[in-house]
Amino acid sequence: MAVTQSASAHWEGSLIEGKGNVNLDTSKSGSFDIDWKARAEEAGGKTSPEELIAAAHSSCYSMALSHGLTGAGTPPTSIDTNAKVTFVAGQGITAIHLTVRANVPGLTQEAFVEAAEGAKKNCPVSKALAAVENITLDAALV
């Protein structure tokens, strides 16, 4: 069964001076202000496409890792993932760095890193972001 999610954006003005907002339409869980400064300089209480990508990647990755670990017979107690998406004006998204810390009883660090790398390769958002050449991972058990 296919599920379609929806978000929408409204923008007014030029790229540099303009402003807008993005709405999470499916969940109706938020409306967030956006502007160029938040994207290329500092957030200032606003979000950016890159922050939204980081949210999507960290949540998808955590789910994929949980699924893989559970399928291998070592379900996690907890997984905490941080995604940092680097944007360079004029170049676009140049890097994504995932940091994951997890509590997985009965799993060695080596086996965890292998599972973590598999999740990085196979999570649907990672696959969608395959055009980003520099996606790195720091994985450790806690």
Side-chain angles (χ1 to χ4, degrees), residues 1-72 74-105 107-142:
M1 174 169 91
V3 176
T4 301
Q5 305 290 330
S6 176
S8 58
H10 175 78
W11 187 263
E12 295 177 359
S14 69
L15 174 62
I16 304 301
E17 291 87 23
K19 63 183 179 179
N21 61 51
V22 61
N23 296 295
L24 305 181
D25 296 335
T26 303
S27 66
K28 298 184 182 354
S29 61
S31 177
F32 305 95
D33 292 333
I34 54 175
D35 67 14
W36 176 253
K37 187 174 181 177
R39 187 173 197 185
E41 297 174 28
E42 61 183 58
K46 297 175 181 155
T47 194
S48 68
E50 290 71 28
E51 184 178 34
L52 297 170
I53 289 170
H57 204 177
S58 63
S59 59
C60 182
Y61 176 84
S62 292
M63 291 177 183
L65 180 55
S66 176
H67 181 66
L69 290 167
T70 300
T74 53
T77 302
S78 65
I79 297 173
D80 293 294
T81 304
N82 176 275
K84 292 185 177 170
V85 176
T86 302
F87 172 80
V88 177
Q91 294 179 26
I93 296 172
T94 59
I96 299 172
H97 181 70
L98 298 169
T99 301
V100 62
R101 298 295 181 260
N103 184 317
V104 187
L107 195 66
T108 66
Q109 175 65 25
E110 295 77 22
F112 177 69
V113 169
E114 184 177 330
E117 287 289 346
K120 182 184 109 178
K121 179 180 176 185
N122 293 307
C123 108
V125 172
S126 289
K127 288 181 176 183
L129 296 171
V132 179
E133 293 180 20
N134 188 20
I135 300 178
T136 58
L137 174 66
D138 172 12
L141 293 170
V142 292

Search all heavy atoms of [X] against all heavy atoms of [Y] and return the closest pair with its distance.
X    : Y    : value
P75  : V104 : O-CG1, 4.2 Å
T108 : A111 : OG1-N, 3.1 Å
V132 : I93  : CG2-CG2, 3.8 Å
D25  : A7   : OD2-C, 3.4 Å
F87  : E50  : CD1-OE2, 3.3 Å

4.5 Å side-chain heavy-atom contact, H57 and V85: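 No, their side chains stay 4.5 Å or more apart.
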
Student check: side-chain heavy atoms of E51 and S48 closer than 4.5 Å: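 The answer is yes, as the side chains (C-beta and beyond) meet within the 4.5 Å cut-off.
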
Euclidean distance, L129 CG relative to I53 CD1, rounded to 0.5 Å: 6.0 Å

Rounded distance (nearest 0.5 Å) linking atom NZ of K37 with atom CD of E42: 4.5 Å

Name each donor-acceptor pair under 3.5 Å that joins a side chain in residues 134-142 to protein atoms two or more places apart or in another chain, with its distance.
from, atom 1, to, atom 2, distance (Å)
T136, OG1, H97, ND1, 2.4
D138, OD1, R101, NH1, 3.4
D138, OD2, R101, NH2, 2.9

Candidates V22, D33, N21 - the one meeting side chain to side chain contact (heavy atoms under 4.5 Å, CB included) with K46: D33

Do the side chain of [X] and the main chain of [Y] share a donor and acceptor less than 3.5 angstrom apart?
X    : Y    : value
W11  : G13  : yes
N103 : T77  : no
T26  : S6   : yes
S126 : K120 : yes

Which atom pairs, one a donor and one an acceptor, fall under 3.5 Å between side chains of residues 58-72 and the rest of the protein, sequence neighbours left out?
from, atom 1, to, atom 2, distance (Å)
S58, OG, A54, O, 3.0
S58, OG, A55, O, 3.3
S59, OG, A55, O, 2.9
S59, OG, A56, O, 3.2
Y61, OH, A116, O, 2.9
S62, OG, S58, O, 3.0
S62, OG, T81, OG1, 2.7
T70, OG1, S66, O, 2.8

All pairs passing salt bridge (Lys or Arg N to Asp or Glu O under 4.0 Å) where residues 76-94 contributes a residue, at least two apart: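 Listed once each, the pairs would be none.
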
Residues, nucleotides or ligands: over 12 heavy atoms within 6.0 Å of E133 CD: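 Result for CD/E133: open.
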
Candidate pair F112 and V100, rule side-chain contact (heavy atoms from CB on, under 4.5 Å), full reasoning: CA-CA 10 Å; F112 177 69; V100 62; 4.2 Å; yes

